[in-house]
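Quick notes on the structure that follows.
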2 protein chains.
Amino acid sequence: MPRPATDEEATDEVGGSIYERLHDDIIHGRLRANERLKVSELASRMGTSTNPVREALQQLRGEGFVIMEPNRGARVRPIDEEFVRDICEIEVLIEPALTRWFVGIVTKADVEELERIQADIERLNFTDELAHSQLDMSFHRLMYDKHYNRHAVDLWIRHREILWAISRRFPTSLGRQSNVLEEHRELIACIKGQDAEGAARAIGKHVEDPAATSSSACDYHDAGFD
Amino acid sequence: MPRPATDEEATDEVGGSIYERLHDDIIHGRLRANERLKVSELASRMGTSTNPVREALQQLRGEGFVIMEPNRGARVRPIDEEFVRDICEIEVLIEPALTRWFVGIVTKADVEELERIQADIERLNFTDELAHSQLDMSFHRLMYDKHYNRHAVDLWIRHREILWAISRRFPTSLGRQSNVLEEHRELIACIKGQDAEGAARAIGKHVEDPAATSSSACDYHDAGFD
DNA sequence: AACTCTCAGATCGTACATTATTTGTCAACA
DNA sequence: TGTTGACAAATAATGTACGATCTGAGAGTT
């Protein structure tokens with residue numbers, strides 16, 4: 001769409017690859033669900049020819065962020081209620097497994113780091129959405145980065161980015177906020193106590209909760225699209 | 001384009017999209033692990049210009065079948081021991097969940113269809129690898145095609161294709177053959193008896209077993225690559 | 001033997017041609 | 001008058017061709 005398109009995009013100086021920029025724009029909601037992605041338009045916005053854009057779109061398509069129909073171009077994959085539910089269901093299966101493994105290899109230093117991050121999160125207390133999500137991401141990444149199953153971790157990251165993107169569009173309710181903090185604390189407690197099952201259960205709840213809140217929020221988000 | 005198009009490439013009649021052909025070639029092992037994928041070469045083989053090939057490669061990259069380095073082109077993602085293990089571990093988490101759900105919605109007709117397919121499989125008795133795998137695929141697809149979580153099913157299909165591709169390169173051992181048949185029978189029995197947990201357990205075993213056989217086979221497969 | 005240089009071959013980006021789809025106009029008709 | 005259908009123009013996707021740039025291997029020099 002025409003769109004504001006002020007300052008920052010003007011100096012389209014390649015702040016990153018075309019792929020990264022599109023990816024970020026989708027993830028952070030700057031491109032809306034089902035929005036059409038015209039190659040020539042994007043190309044001029046990015047300051048390149050069409051080919052790099054086409055290839056970036058194909059890659060995003062392979063990753064599932066973009067959907068394409070023959071001769072009808074690309075669209076931003078709508079992250080609707082169903083989609084979120086689907087992803088959450090998978091996360092509920094994967095995350096506990098990753099966490100369970102983490103409990104087995106966790107070091108004292110890891111726990112301290114987790115507690116440090118958690119302290120930052122609590123101090124922040126949701127006043128800065130962006131900072132919060134970054135901390136939250138590092139909290140979880142700390143647990144999974146060492147995992148041998150890179151494939152599972154990559155999947156987790158992709159899913160997380162999506163969930164996190166949609167949740168950021170809707171303010172976190174107060175009830176949910178206290179839940180998040182509580183769940184993190186419980187998780188840390190289980191990890192400290194070497195309680196793998198408890199940790200897995202805690203993380204399972206942690207994943208499921210936002211699913212409920214986010215997907216209801218999505219109803220508004222996608223209203224008007226078919 | 002010039003090119004008279006000789007014999008084998010003559011058959012380049014778009015038997016499918018470029019993407020599909022590359023995908024199949026990777027999946028079925030006609031392109032070997034780490035094999036270099038040169039766009040111009042592929043383009044002439046496919047009888048098109050380079051652009052469609054480039055885009056297909058990008059899509060495959062997004063799906064994880066191809067790895068790319070800047071200015072150094074694309075390679076077939078090596079399906080090594082680790083990779084197979086990673087995928088199996090994820091499947092062990094996802095498939096039982098899908099199966100459990102299937103037990104809840106299964107109809108009499110479904111069971112009959114499953115038994116019919118299973119009868120075909122037993123009759124075939126591994127004499128024709130290709131036919132067997134197609135039957136095996138339809139056996140499982142019958143269970144998952146109706147599932148609401150398309151995302152999970154798609155993930156399953158992708159993983160299955162990979163596992164299945166590598167397993168086809170190495171003959172199935174006799175012991176494994178009888179296991180497969182036994183596991184399918186057990187699965188059907190559980191489904192008939194509305195035993196969701198039993199079915200989930202059965203499918204879990206079904207996934208884990210080939211993992212063991214395949215990954216050991218992979219040692220040979222990737223020897224000689226770096 | 002190690003180092004530099006050169007050049008063939010491949011990737012990546014730009015420009016253009018072709019084809020399909022969408023949009024807009026206008027006349028025929030209820 | 002309002003609706004429909006056909007046709008033309010505009011718009012955008014898809015495919016082709018080519019030039020710029022990068023990489024890697026081998027010849028030649030020190």
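Reminder, nothing fancy here: chain letters follow the sequence lines and each chain counts from 1.
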Quick one: do the E161(B) and H23(B) side chains pair a donor with an acceptor below 3.5 Å?
-> yes
Are H147(A) and F102(A) close enough that their ring centres sit under 6.0 Å apart?
-> no
Send over the distance from Q58(A) CD to dT14(D) C1', rounded to a whole Å.
-> 11 Å
Regarding Q58(A) and Y19(A), is there a side-chain donor-to-acceptor distance under 3.5 Å anywhere?
-> no
To the nearest Å, how far apart are R61(B) CZ and dC12(C) P?
-> 9 Å
What is the distance from CD1 of I18(B) to C1' of dT16(D), rounded to the nearest Å?
-> 13 Å
Separation of dC22(D) C1' from M68(B) CE (nearest whole Å) | 14 Å
Does a side-chain heavy-atom distance below 4.5 Å link I117(A) with H184(A)?
-> no
Winner on side-chain proximity to R72(A), out of dT22(C), dT16(D), dA10(C), is dT22(C)
Take atom CZ of R75(A) and atom P of dA13(D), then tell me their distance rounded to the nearest Å.
-> 11 Å
Of all the nucleotides listed (dT21(C), dT16(D), dG13(C)), which has the minimum atom distance to the side chain of P52(A)?
-> dG13(C)
N51(B) CG to dA10(C) P: how many Å, rounded?
-> 18 Å
Quick one: do the D110(B) and T107(B) side chains pair a donor with an acceptor below 3.5 Å?
-> yes
May I ask you to verify whether the side chain of R54(B) and the base of dG13(C) hold a donor-acceptor pair under 3.5 Å?
-> yes
So, does the side chain of N71(B) form a donor-acceptor pair with the base of dT11(C) at under 3.5 Å?
-> no
Starting at the 5' end of DNA chain C, which residue's closest nucleotide do you reach first, T50(A) or T50(B)?
-> T50(B)
Under 4.0 Å between any heavy atoms, over every strand shown, what does L42(A) touch: base, sugar-phosphate, or nothing? Just pick one.
-> nothing
Out of dT16(D), dA13(D), dA10(C), which has the shortest distance to the side chain of R36(B)?
-> dA10(C)
Would you mind telling me which residue lines up with the more 5' stretch of DNA chain D, P70(B) or E55(B), judged by nearest nucleotide?
-> E55(B)
Starting from P on dA12(D), measure out to CD on E35(A) and report it in whole angstrom.
-> 14 Å
Between dT14(D) atom P and L57(A) atom CG, what is the distance in whole Å?
-> 10 Å
